[in-house]
Amino acid sequence: MSDSEAERAERAAFILGLRRRGIRDLAVLRALELVPRALFVDPTLRRHAYEDVALPIACGQTMSQPSLVAIMTEALALNAEHTVLEIGTGSGYQAAVLSHLASQVVTMDRYRALVSEAQVRFKVLGLRNVAAFVGDGMAGLPGRGPYDRIMVTAATPEVPPVLVDQLKPGGILVAPIGEPQQVQTLRKFTKTPEGLAAADLMPVRFVPLISGVAVTS
Ligand code: SAH
């Protein structure tokens with residue numbers, strides 16, 4: 001079997017595994033099928049690329065396990081007209097998945113090194129509707145908003161109010177809410193005229209949302 005055939009088989013098994021874990025949204029499954037996770041993981045961890053595990057990435061950060069990426073993507077209830085803001089580019093994997101379901105994806109990270117690597121991956125994959133920026137996600141990116149959807153992929157005790165300002169009325173924001181180094185709750189917020197309506201989805205563990213752009217890289 002050639003490498004690409006082996007990888008195709010691996011990815012087919014990967015999608016079956018996600019279905020078994022309860023991911024039912026066919027558009028979301030298709031989006032995960034379209035993104036080669038192997039391209040986003042450290043080469044030394046390549047053999048784990050299609051396992052349902054979180055993996056360490058550069059700058060001491062972590063990419064989520066694929067079933068959680070799928071659950072968070074499902075929670076955004078995306079359509080092809082949506083503009084999405086992701087806070088926490090990391091490897092770029094989640095943004096690449098979103099790019100197959102939304103019109104535009106804007107993603108930002110406080111580490112320049114992570115953003116640069118993710119930009120290369122988006123280019124290799126020909127994903128023209130993803131734009132990655134270095135910046136403090138706690139301030140969001142008002143110039144590109146307002147957004148139909150916002151996904152925060154780092155833990156925060158509360159949703160930064162500026163992100164709510166950058167969300168369109170009726171928009172959905174998904175974020176892990178809680179203290180760092182503890183179990184957080186993945187929550188889905190809908191922006192209503194009365195404020196945010198919240199629903200708890202599941203317990204999760206994320207690296208923390210840290211204010212300011214990283215100085216080292
Ligand atoms: N979504 C990523 C994983 C994110 S890990 C993926 O698919 O690989 C969380 C990321 O949030 C880290 O890369 C971290 O640098 C970033 N982060 C933490 N605080 C931030 C902030 N204030 N602004 C932007 N990014 C932040």
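Start at 1 and go down the list; that is how both ligands and their atoms are numbered.
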Show me which atoms of ligand 1 lie under 4.0 Å from any heavy atom of Tyr111.
15 (O)
Which atoms of ligand 1 are found less than 4.0 Å from any heavy atom of Val207?
5 (S), 9 (C)
Show me which atoms of ligand 1 lie under 4.0 Å from any heavy atom of Thr153.
1 (N), 4 (C), 5 (S), 9 (C)
Under 4.0 Å from one or more heavy atoms of Pro208, ligand 1 contributes atoms 18 (C), 19 (N)
Which option wins on minimum heavy-atom distance to atom 8 (O) of ligand 1: Pro176, Ala139, Ser91, Ser211?
Ser91
Can a donor-acceptor pair be found, under 3.5 Å and without considering hydrogens, that links the side chain of Lys191 to the backbone of Val164?
yes
Going by the order shown, which atoms of ligand 1 are within less than 4.0 Å of some heavy atom of Ala154?
11 (O)
Would you mind checking if Glu10 and Arg47 are paired as a salt bridge, meaning a charged N to carboxylate O distance below 4.0 Å?
no
Nearest non-hydrogen protein atom to atom 14 (C) of ligand 1, with distance, is Gln61 OE1, 3.3 Å
Looking only at protein heavy atoms, which one is nearest to atom 5 (S) of ligand 1, and what is the separation?
Thr62 O, 3.1 Å
Going by heavy atoms, is Ala95 under 4.0 Å from ligand 1?
no
Decide whether Thr185 and Asp200 meet the rule of one side-chain donor and one side-chain acceptor closer than 3.5 Å.
no
If hydrogens are left out, which of Asp109, Val115, Val152 has an atom nearest to atom 15 (O) of ligand 1, that is, the closest non-hydrogen atom?
Asp109
For ligand 1, which is the ligand I care about here, please tell me if Asp136 has any N or O atom under 3.5 Å from one of the ligand's N or O atoms.
yes
Filter on ring-ring contact (aromatic ring centres under 6.0 Å, His included), then keep only pairs touching residues 113-152, sequence neighbours left out; what's left?
none
Any side-chain heavy atom of Gln65 sitting closer than 4.5 Å to one from Val69?
no
Can you report which non-hydrogen protein atom sits closest to atom 11 (O) of ligand 1, along with the distance?
Gly88 CA, 3.3 Å
Can you list the ligand 1 atoms lying under 4.0 Å from a non-hydrogen atom of Gly135?
23 (N), 24 (C)
Backbone N/O of Gln184 and side chain of Glu179: donor-acceptor pair under 3.5 Å
no
Where do Arg110 and Gly212 come nearest, in terms of heavy atoms and distance?
NE-O, 2.8 Å
Ligand-residue contact atoms, ligand 1 with Leu114, heavy atoms, under 4.0 Å
13 (O)
What's the shortest distance from atom 23 (N) of ligand 1 to any protein heavy atom, and which residue and atom give it?
Gly137 N, 2.7 Å
Answer with yes or no whether the hydrophobic clustering places Tyr93 together with Leu78; edges join I, L, V, M, F, W, Y residues whose side-chain heavy atoms lie under 4.5 Å apart.
yes
Short list, please: which atoms of ligand 1 are under 4.0 Å from a heavy atom of Leu209?
18 (C), 19 (N), 20 (C), 21 (C), 22 (N)
Considering Gln94, Met151, Met138, Arg110, which one's heavy-atom position lies nearest to atom 17 (N) of ligand 1?
Arg110
Hey, does the side chain of Arg24 reach the backbone of Arg19 with a donor-acceptor pair shorter than 3.5 angstrom?
yes
Cation-aromatic face contact Arg37/Tyr50, 6.0 Å, 45 degrees
no
Any side-chain donor paired with an acceptor under 3.5 Å for Gln104 and Thr83?
no
Can you tell me if Thr89 has a non-hydrogen atom under 4.0 Å from ligand 1?
yes
Got a sec, which residues hit side chain to side chain donor-acceptor pair (under 3.5 Å) with Asp136, two or more places apart in sequence or on another chain?
none
Atom 19 (N) of ligand 1: nearest protein contact (heavy atom, Å)
Ile210 N, 2.9 Å
